[in-house]
Amino acid sequence: MIKGDMVFLYMPYTRHYYFSDPGREANIRRVGFTEGFVPLEFRNLLLSVQCPIALQVDSNICMKLKQIFQEILHLCYNDVSGTLDEFYLKAEVSKLITLVYELYSNHKDISYQDIDEKISLVKSYIQNNFRDQISLASLAGLVGMSESYFSRYFHKHQGISYTQYITGLRMNYAVSLLKTTNDSISKISEAVGYYSVSGFIKSFTKYFGTHPDQFRPFHHTNKTKTRFEMNQISKSNIATAEHIAIPVPKNYTLRKTSFSLAPMITVSEEFSSCAEVLRDYLKRMYGFCTEIGNTETEQGIRMVYDPSLEKECYKVEAADGLVEITASSTAGFSHGGAIVLQLVDLRGNTLFTPEYSVFDKPDTEWRGFMVDIARGRYPLDDILRYADICYYYRLNVLHLHFADDSGYFLPSKYFGKLNNSERYTTQDIAYIRKYLADRGITLVPEIEMPGHARPLTVTYPEFFGGSHIGQVCPGMPKVFNALEMMIDEVCEMFPDAPYIHIGCDEVPAVNWKKCELCRRIMGENGFSYVSQLYSYMVDRCTRMVLGRGRTPIVWEGFPKEGTENISRDVIVMVFQSTYQNAKELTEAGFRVINTSWQPLYIVPSRPKYWQPNEIYKWKYNKWLYEDAVDDSGAIIADKTELVMGGEVCLWEGRDFVSDGDIVEKNMAVSAERLWNSEPVVDYERYETEKDAVSKKLRRIL
């Protein structure tokens, strides 16, 4: 809102910004823009306020804002033909938000409480009043939020709900009273805020796994215990270990005894990031604060480097108060860390873990997950959530599809007109890179050429050709120089990425037949068929990647004609098996990754989702068409090193809330099939174990 020399900022509780004309009934135009338009810091501010924030600005700024508003409204109101130019509209909205964000950034005197202050205020209030009845309304009112938003806000930033936080304080205080007093259970119940003794006993038993009367004899401080006795008491007979991990380790022993885990991780400096990640997840799961050191102890978690182990091989030994993870790489320590997370439980203020031994390594080298972030910008937090799921289920690749006909979402210094407001910034990219590297997950960035390239041909027809919208023209004089520049900046943006995916699929090359420039280049190279021109372009583009010390990846899509000229260092992701199938490609010497539409594709607009029980029967060297009803038409490639593994592909721009459940289930079962090429347990047992570990994952997410 603009009034006089004041700009008022206000964000209603909605996931979209809406522009509409309430005065025109049938012709109302509503255009939504995802939260990705707004810088994260600015969005958090807007979402946390209940009343407008006022910024005082000069008249020139006010006039500029009004002009942008008028242009946006004009576009929305006058779209009678239904051909709304959304690219132009988004550009105008980008200008608006950029300008307002700059105004906000320059007004550091704005009075509001940041996230840490709000959380601290709420926690302080709860700590001082947990013995009384605390209402949701009182907590929400304390920080000026609605009740529903406060509930989501607290859970997001603490990893637990506000009721769980209150219960934790009450249970810890109850333990203190049980240890240090002879008060009756009834009196303790009232002292910690329970008016019903049965309610207190039920909560205590659920929280600690034992009745308060059974807890007291072992923990009362009237008796001095030796260290040996303390260790014996920490051997929990409260609950026996029942659950294994997902993917199921090939070699494991799970004992029925458990012990309390000291809040300490020891690790060499070289792998300190692995300890930091594990500490972060333990905190997000249980609010458990862990110290990190490099002096070996006999308690807590210890990470031990062993160069004799293969890259993704790991060992975990949990016994006598110590969990020891042994590995030779960040990936190995991450796999061991995932086992620890899936098996620990919190009781009171103490972590408990069963005694167990695990020695394991994966059957495939490529266990990936792809997110299509080019058909609607995913918030950065959602990308990190998918990385968390990869870590938890020991997937080792996160593939980000940054470009398609709908947009180019990487920043570009050479092709500045591609820089729409929804793109990820260089800071976003750097953060994602580090987040994945710290977890031993390989990041694969993808851009698209020569097909699925509408942003290139529309914004830079002088380089990429504009006669065939969405298809780069191989006959343009400057096209290969321009593509080299693009690949250069992608390599520069992802300096530690061993793979660069460049698309290369689904090009209706028949259109090139009509192009005079394409016919000229065919003649110069002696090509009789346009399919040869297609393979020629794939060869040129993949050699650009190879020349920069990276391995190129393409989708299955290039034709057989001319394939003999394409380097066998190129990796092919096979999905439809209609252009060249996996068996043909491996026989030709290409390495392939299984991205079979059935059962690895997740496409929200399609009615068919592959269910976990279907995926559990799948093998990583088998490809099925989308509409296949049985295995009769399956394409089976030999299990050799040329079949690297597989990848789940999530297409279309959606948000984590909409797709999170089915995606998490399918990522988990695919991880199981890719880690273990043959089932270690039957599906019913897998499903039981999966349900148990999934509940813990939700605490992280």
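Numbers here are sequence positions counted from 1.
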Query raised in the report: Minimum heavy-atom separation for Ile246 to Ala668, with atom names?
Result: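 Shortest heavy-atom separation between Ile246 and Ala668 comes out as CG2-O, 4.3 Å.
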Report task. Determine the minimum heavy-atom distance between Asp438 and Ser334, stating which atoms define it. Result ->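 Between these two residues, the closest heavy atoms are O-OG, 4.3 Å.
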Do [X] and [Y] make the cut of ring centroids closer than 6.0 angstrom?
X      : Y      : result
Phe369 : Tyr386 : yes
Phe259 : Phe352 : no
Trp366 : His399 : no
Tyr281 : Tyr391 : yes

**Report entry** Exceeds 12 heavy-atom contacts within 6.0 angstrom, atom CG of Asn294
**Finding:**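 Atom CG in Asn294 is not packed in, count stays at 12 or less.
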Query raised in the report: Does atom CD of Glu269 have more than 12 heavy-atom neighbours, drawn from other residues, nucleotides or ligands, at distances under 6.0 Å?
Result: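 No, the 6.0 Å shell around CD holds no more than 12 heavy atoms from other groups.
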For a quick check under 3.5 Å, do [X] and [Y] share a side-chain donor-acceptor pair by atom type?
X      : Y      : value
Trp610 : Gln598 : no
Asn594 : Glu647 : no
Tyr393 : Glu664 : yes
Ser161 : Thr163 : yes

Query - Result of checking Phe271, Tyr305, Tyr314 against Phe333 for ring pair (Phe, Tyr, Trp, His ring centres under 6.0 Å) - result: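 Of Phe271, Tyr305, Tyr314, ring pair (Phe, Tyr, Trp, His ring centres under 6.0 Å) with Phe333 is met by Phe271 alone.
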Query raised in the report: So His401 and Trp651, would you call those rings parallel, tilted or perpendicular, with 30° and 60° as cut-offs?
Result: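 Rings of His401 and Trp651: perpendicular, over 60°.
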Query raised in the report: Pick from Arg284, Lys696, Arg698: which one makes a salt bridge (charged side-chain N to carboxylate O under 4.0 Å, His left out) with Asp388?
Result: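 When Arg284, Lys696, Arg698 are each tested with Asp388, the salt bridge (charged side-chain N to carboxylate O under 4.0 Å, His left out) holds only for Arg284.
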